[in-house]
Amino acid sequence: MDYNFTEIEARWRQRWADEKVYEVKADESKPKYYVLSMFPYPSGAGLHVGHPLGYIAADIYARYKRNKGFNILQPMGYDAYGLPAEQYAIQTGQHPAITTDKNISRYREQLDQIGFSFDWSREVRTCDPQYYKWTQWAFQRMFDSFYCLDCQKALPIVQLVAHLSEKGTEGLHVAQSQELELTAQQWNAMTEREQQEVLMNYRIAYLGETMVNWCAGLGTVLANDEVVDGVSVRGGFPVEQRKMKQWCLRISAYSQRLLDGLDTIDWSDSIKETQRNWIGRSEGAEVRFQVKDSDESFVIFTTRADTIFGVTFMVLAPESELVEQLTTPEQQAAVAAYLDEVKHRTELDRMAGKKVTGVFTGSYAINPFTGDEIPVWVSDYVLAGYGTGAIMAVPAHDSRDYAFAKTFNLPIVPLVEGCDVSQESFDAKEGIVTNSPAAGKSSLDGFTLNGLSIKEAIAATKRFVEEKGLGRVKVNYRLRDAIFSRQRYWGEPFPVYYKEGMPYMISEESLPLQLPEVDKFLPTETGEPPLGNAKVWAWDEEAHEVVDNARIDHKRVFPLELSTMPGFAGSSAYYLRYMDPRNDEALVAPDVDAYWKDVDLYVGGSEHATGHLIYSRFWNKFLFDIGASCVEEPFKKLVNQGMIQGRSNFVYRIKNTNTFVSHGLKAQYDVTPIHVDINIVQNDILDVEAFRNWRPEYADAEFVLEDGKYVCGWAVEKMSKSMFNVANPDHIIARYGADTLRLYEMFLGPITQSKPWDQNGIDGCARFLRRAWNLYFDKEGKLAVTDEAPIKESLKSIHKLIKKVSQDMEEMSYNTSIAAFMICVGELASQKCRSRAVLEPLVVLLSPFTPFVACELWQLLGHEEIVFDAPWPAWDEAYLKEDTVRMAVSFSGKTRYTIDVPADATNDEVEKQALGHELASRYLEGKQLIKIIVVPKRIVNIVVK
RNA sequence: GCGCCUGUGGCGAAAUUGGUAUACGCGCCAGACUUAGGAUCUGGUGACGCAAGUCGUGCAGGUUCGAGUCCUGUCAGGCGCACCA
């Protein structure tokens, strides 16, 4: 029987669907295993061969675990909200929901082709109201929570209200936007509105006036991870800083837990390191500086407290409120001009220019250690959002301060013995402190750092600062709160309405608040977000329903929020929803959550390191705090599959002609490389006829050939339509079958590594599969498997394979497993092995990789049950034992000859046989034998002198 | 600038974790079967050398009986962060 993959695959696809073989339920009698691949955004272009790489890897592992007796949860869904569908809607008027639906159908079709064991009954879509109900719900819970720093967890806001009405802000140790001081009387005297405003300072989801990345090109704000080099990741539009009222999530409150959690999970070092950088913990001190001739004082943050004697100026961020307070009347005009200049520089200019700019405020601060008067400047190299927005500048030991001092001619005072600061600052944290204080100078209480190492000096200064009440030891994090509003249509609407300008949550029972219809997807003429176009977008507070805008009376009918949530909202807790996707009462029922707990294996791209993978950890920690999730870290083990790059082919046109010259001869001509469709190139040889038919302008192309062939050049590039290097899985499946595609994608190399898609090797995998198939059939095509006992060699081959594949499976080292399959099948073929005892386990081993052909063979072998429920075979070391072992004999590390020794020989016997060899005396001649090292089963090393 | 990762044939990559470097596949060469081959099968394929042999894992050192693997330095490529005080 020929291996007819098209027929086999179609039949089994049908049967799997009919018999719902991948549907799964919580089952206490079996251990659970949760395998998850990051769900895709269904783009209009469909899948290319790079997309399924991670899915195949995860699927193989899931199938293997199923054979090992685990109850496998492997769901799939769609991250359906996104910019492309909305952009398309703006251009064409086509509703994004329609485009998205269409794309999802196409994705589903392609995914089904490949034969994944997804439980599709659990599919979720982030744009489905039944799904985003729980996104909105989580947001509301964050609104109703604050973060307690003492117990390090989120608590209900009512507890905070109770504290405020009893004690005011006294003894309050909570995450907050700014430090407030209120007495209980003050709080209790406040109006409802004023109290709400105060609470905004503490809520985990809060409305904040913040500097945001405003992207005019996209008409929306962007998160930090959506901006690279001052332009938007999507579209490449310039991004500027703007102060806007936005919904924010107080993710910064979770900084330390997000950092600590990394030590408990099995992720790659590089991803963990990226997250650590992003969180950016730094330990330092806050020190208060008095302003000269004033009651004012301000606090700076430094990690180099030891350099306090080298401070020669202070710098404020332009956005800092201190600027206004500290600017003297004489400097007013100059400062105002500078602030104006800064405001009009975009983020891009600011980074590209790297010009040192700044202005003097006219004020002086007093160094608390020395009493020195220090000028206070304003410069945009100090960031408002980090620390306190003010720094003490130590030009001798900070390169940025150094550049500023040089530009504005400010003094530079070195503090490390023997350092040279004439050309550049000395930033290293090493050396011995001097000049602290300088000879002849005094300091507060005679405090000195001279003679200490930098490390000791930092510690000593911190201690002193705390003792004397000059400031406090402080840990700062770089991680900023996540901005959670987007001025877009195609996203989750906020379940929020506005009463006297204050936001209120719609009642939980009214969720989901469904996305309204609009007739235009663009911002309104008055610059409001697209939801401003909605005619029915007001909230009736008593009826608990959405009503026509015309009914807004600000008494019981109020306007609803016009922004929508960002992309990461819907993807932050989707893994929990998969556990219980149709539950209308809860995100996930507690007993179901208690069974599935967390994701055991999460597979996806590393590009989400500082986006989804951090938001999702934060979101889950919050859900954990409120008892909605039973595990603190959502993804126990993370595997980042590499990206599949494109492998482009080129033809070389001689300039100003329609003649193309083969790759090897192009040096002799003046040529222009042109991308050519990889589908008309085979093994880098161009199909010249297909090329002439490819495009009208090449119809009469001439060719300069080498060896009668046109050889194309190639390069590794991003896989993209414009480079004609997109490999479509549909084509490969049509030609080779899905099993071969799966096999080849895994054979390409380790899954964590990025590599170009090179179609040239796929024939090898196709050949392997056909050879494996042929083991089961005779020349007439009849099933040839017998019940005869296998020969020893065949047993050894299969047990070797079982061992290798079982071990590789845990490491997901599939490429080496496939190599082992190839060797084993080759051996069994040459042994003419037809024995069931060998060929049956082979089917089970193959089933995770090539499920279609495995199902077919398993059935042909007469099994009622599907191969997925067959137990994973165990190997028996007894079959792997060798009678004799070949050992290399080396003299001082140099291999000279080999000997064959009995497998169970003792070391003494091995030594004796090694020295008994006819060549031994030749190599020992004139030398002294020092010792003999017998490495088990491999090498005898005879050390001589 | 700081941090992380990777350097092995013509190519994708292996190497029992310190033990015969280059498994497996592609490509290439030779042969078989063929009217034919972008089919199938068999054998060969790191470099130099007629050979015995010598040299070979980016480069330079070191530890070791023995190093692709460990250590130090260095170069190259990739990724991340980047006025974060």
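None of these values were measured; they are calculated from a predicted model. Note on naming: letters A, B, ... go to the chains in the order of the sequence lines (proteins, then strands), and numbering restarts at 1 for each one.
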Exercise for the section: Give the B/S/- string for nucleotides 67-77 of chain B, one per nucleotide from 5' to 3', where a protein heavy atom under 4.0 Å of the base yields B, of only the sugar-phosphate yields S, and otherwise -. Expected result: -----------
Problem - Side-chain H-bond candidate by donor/acceptor type, Ser252(A) with Tyr477(A), under 3.5 Å - result: no
Handout entry: salt_bridge(Arg276(A), Asp269(A)) N-O dist < 4.0 Å
Key = no
Practice task
With heavy atoms under 4.0 Å as the rule, sort Asp427(A) into base, sugar-phosphate or nothing.
Solution key: nothing
Handout entry: For RNA chain B, the dot-bracket pattern of Watson-Crick and G-U pairs whose distances stay under 3.5 Å, | for other-strand partners
Key = (((((((..(((......[....)))((((((.......))))))(((....)))..(((((..]....))))))))))))....
Exercise for the section: State whether Glu283(A) and Lys474(A) are salt-bridged, where the test is any N-O pair (Lys NZ or Arg NE/NH1/NH2 against Asp/Glu carboxylate O) under 4.0 Å. Expected result: no
Practice task
Answer with base, sugar-phosphate or nothing: what part of the nucleic acid does Ser890(A) contact at a heavy-atom distance below 4.0 Å?
Solution key: nothing
Handout entry: P atoms of A36(B) and A32(B), separation to the nearest Å
Key = 12 Å
Practice task
Determine the Euclidean distance between corresponding P atoms of C71(B) and U6(B); express it in Å to zero decimal places.
Solution key: 12 Å
Handout entry: 5' priority, RNA chain B, between Ser813(A) and Asn941(A) [closest heavy atom]
Key = Ser813(A)
Completion exercise
Whichever of Ala390(A) and Cys765(A) has the more 5' nearest nucleotide on RNA chain B, that residue is Cys765(A)
Problem - Sugar-phosphate, base or nothing in reach of Ile823(A), heavy atoms under 4.0 Å - result: sugar-phosphate
Exercise for the section: Kindly label the base of G9(B) as syn or anti, based on whether its glycosidic torsion lies within 90° of 0. Expected result: syn
Practice task
Just call it for Arg281(A): base, sugar-phosphate, or nothing, with non-hydrogen atoms closer than 4.0 Å on any strand.
Solution key: nothing
Problem - Side chain of Arg771(A) (C-beta onward), nearest among G25(B), C41(B), A14(B) - result: C41(B)
Exercise for the section: Identify whether any heavy atom of Arg304(A) sits under 4.0 Å from a base atom; if not, whether one sits that close to sugar-phosphate; answer base, sugar-phosphate or nothing. Expected result: sugar-phosphate
Practice task
Go through the steps to decide whether Asp808(A) and Ser817(A) satisfy the test side-chain hydrogen bond (donor to acceptor under 3.5 Å, both in side chains), and finish with yes or no.
Solution key: CA-CA 6 Å; Asp808(A) 282 350; Ser817(A) 281; 3.0 Å; yes
Exercise for the section: Indicate yes or no: at least one non-hydrogen side-chain atom of Tyr736(A) is less than 4.5 angstrom from one of Asp763(A). Expected result: yes
Practice task
Rounded to whole angstrom, note down the P distance from G56(B) over to U22(B).
Solution key: 16 Å
Problem - Ring centers of Tyr338(A), Trp377(A) separated by less than 6.0 Å - result: no
Exercise for the section: Could you check which residues of residues 745-753 of chain A get a heavy atom under 4.0 Å from RNA chain B? Sort them by number, please. Expected result: Phe747(A), Leu748(A), Pro750(A), Gln753(A)
Practice task
Check the angle between the aromatic planes of Phe404(A) and Phe408(A) and answer parallel, tilted or perpendicular using the 30° and 60° thresholds.
Solution key: tilted
Practice task
Could you tell me whether the side chain of Val934(A) reaches within less than 4.5 Å of the side chain of Met887(A), counting heavy atoms only?
Solution key: yes
Problem - Inter-nucleotide C1' distance (G9(B), C26(B)), Å rounded - result: 13 Å
Exercise for the section: For residues Val433(A) and Val416(A), determine if any side-chain heavy atom of one lies less than 4.5 Å from a side-chain heavy atom of the other. Expected result: no
Handout entry: Chi-angle category of U17(B) [syn within 90° of 0, anti beyond]
Key = syn
Problem - CA sep, side-chain torsions, deciding dist, call: Tyr402(A), Asp427(A), side-chain hydrogen bond (donor to acceptor under 3.5 Å, both in side chains) - result: CA-CA 10 Å; Tyr402(A) 188 87; Asp427(A) 291 15; over 6 Å; no
Practice task
Rounded to whole angstrom, note down the P distance from A47(B) over to U42(B).
Solution key: 24 Å
Problem - Salt-bridge contact Glu286(A)-Arg288(A) (side-chain N to carboxylate O under 4.0 Å) - result: no
Problem - Under-4.0 Å salt bridge between Lys796(A) and Glu827(A) - result: no
